[in-house]
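Keep in mind that what you see is a predicted model, and the values were worked out from it rather than measured. For ligands, and for the atoms within them, numbers begin at 1 and follow the listed sequence.
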Amino acid sequence: MNGVWRNPLLHVAHNTGIKHNLVVERRLNQQNSFYGIMSEIKILGFAGSLRKGSYNKMLLQEAVRLAPQNAQIETFDLAGIPLYNQDEENDPPQRVKEFKAKIRASDALLIVTPEYNYSIPGVLKNAIDWASRPYGDNAFDGKPVAIMSASTGMIGGARAQYHLRQICVFLNMYPVNTPEVFVSFAPQKFDENGRLTDENTKRFITQLLQNLVRWTLILKFGRQRVLEVHA
Ligand code: FNR
């Protein structure tokens, strides 16, 4: 992960000169195997726009390219998810089943959303509603999530992000707080091949993804430690 996550035990061993202490070495091995297991963080990314030339889809693809070494971003297209109907939530349409299964199989999520009328688009809200139901079967429960937005306007989708963060509260998701990636004036920031040209934005995306991986590890590792202590 290129210096994002440092093994704390390695750090202690180097700083105290006890590299050859057998106990420390054994713990290092145990912990390294733990980090080894955790080293491939699976992130599921989806964009709240269906249109072909979507800036948010481009932004998602840029994130795929900028993913940290030990993380992999798989994308899911929300196309084909029908309008939510509570009559069907116990046996939802196939595309919804696929979406829920992909969410559950991931360690973390990346949501990239346009802003529509100062909020998130219906396409995204609709997909979230499906995957959060039926009551007691919320696929988002406990998932770490990073959020980005791109808009043609000067606010970069900030208002939509804050609405999405509010939704995350009920979904019991754990959003990464910083950096906040708002891509304003999107048409000026992507080239004709859909590649992000703004280097500052690329740096922010890279940092956000590194923070998401780190946050995911903290939540998983921290949870395991707490369960060990309070078993
Ligand atoms: C918009 N747009 C928009 N932009 C913004 O910054 N704040 C807003 O509230 C809105 N509202 C809004 C409503 C609707 C219905 C549409 C279609 C558009 C503009 C929006 O940022 C622009 O269309 C983006 O290009 C949409 O994202 P994608 O499809 O390019 O990913």
- Protein heavy atom under 4.0 angstrom of atom 29 (O) of ligand 1, is there one? yes
- Message: Ser54 versus ligand 1: do any nitrogen or oxygen atoms come within less than 3.5 Å of each other?
- Response: yes
- Query: Under 3.5 Å, is there a donor-acceptor pair between the side chain of Thr216 and the main chain of Leu212?
  - Reply: yes
- Task: Spell out, as yes or no, whether a donor-acceptor pair under 3.5 Å connects the side chain of Thr197 to the backbone of Lys189.
- Result: yes
- Query: Tell me: protein heavy atom nearest atom 6 (O) of ligand 1, and distance?
  - Reply: Ser151 OG, 2.9 Å
- Query: Which ligand 1 atoms are under 4.0 Å away from a heavy-atom of Thr152?
  - Reply: 19 (C), 20 (C), 21 (O), 22 (C), 25 (O)
- Report the nearest protein non-hydrogen atom to atom 9 (O) of ligand 1: residue, atom name, distance rounded to 0.1 Å. Tyr118 N, 2.9 Å
- Quick one: list whatever passes side chain to side chain donor-acceptor pair (under 3.5 Å) with Arg159, sequence neighbours left out. Glu115, Tyr118
- Query: Which of the numbered atoms in ligand 1 are below 4.0 angstrom from a heavy atom of Pro114?
  - Reply: 26 (C), 27 (O), 31 (O)
- Using ring-ring contact (aromatic ring centres under 6.0 Å, His included) as the criterion, list what pairs up with Tyr84, not counting sequence neighbours. Trp130
- Show which atoms of ligand 1 fall inside a sub-4.0 Å distance from at least one heavy-atom site of Ser49. 28 (P), 29 (O), 31 (O)
- Closer than 4.0 angstrom: is that true for some heavy atom of Asn117 and an atom of ligand 1? yes
- Query: Between the side chain of Lys143 and the main-chain N/O of Ser106, is any donor-acceptor distance below 3.5 Å?
  - Reply: yes
- Task: Verify, without hydrogens or angle tests, whether Gln161 (side chain) and Val181 (backbone) share a donor-acceptor contact under 3.5 angstrom.
- Result: yes
- Which of the ligand 1 atoms, numbered from 1, are nearer than 4.0 Å to a heavy atom of Asn56: 27 (O), 28 (P), 31 (O)
- Indicate the ring-plane relationship of Phe46 and Phe140, choosing parallel, tilted or perpendicular according to the 30° and 60° boundaries. tilted
- Query: Where is the nearest protein heavy atom to atom 3 (C) of ligand 1: which residue, which atom, and how far?
  - Reply: Glu115 O, 3.1 Å
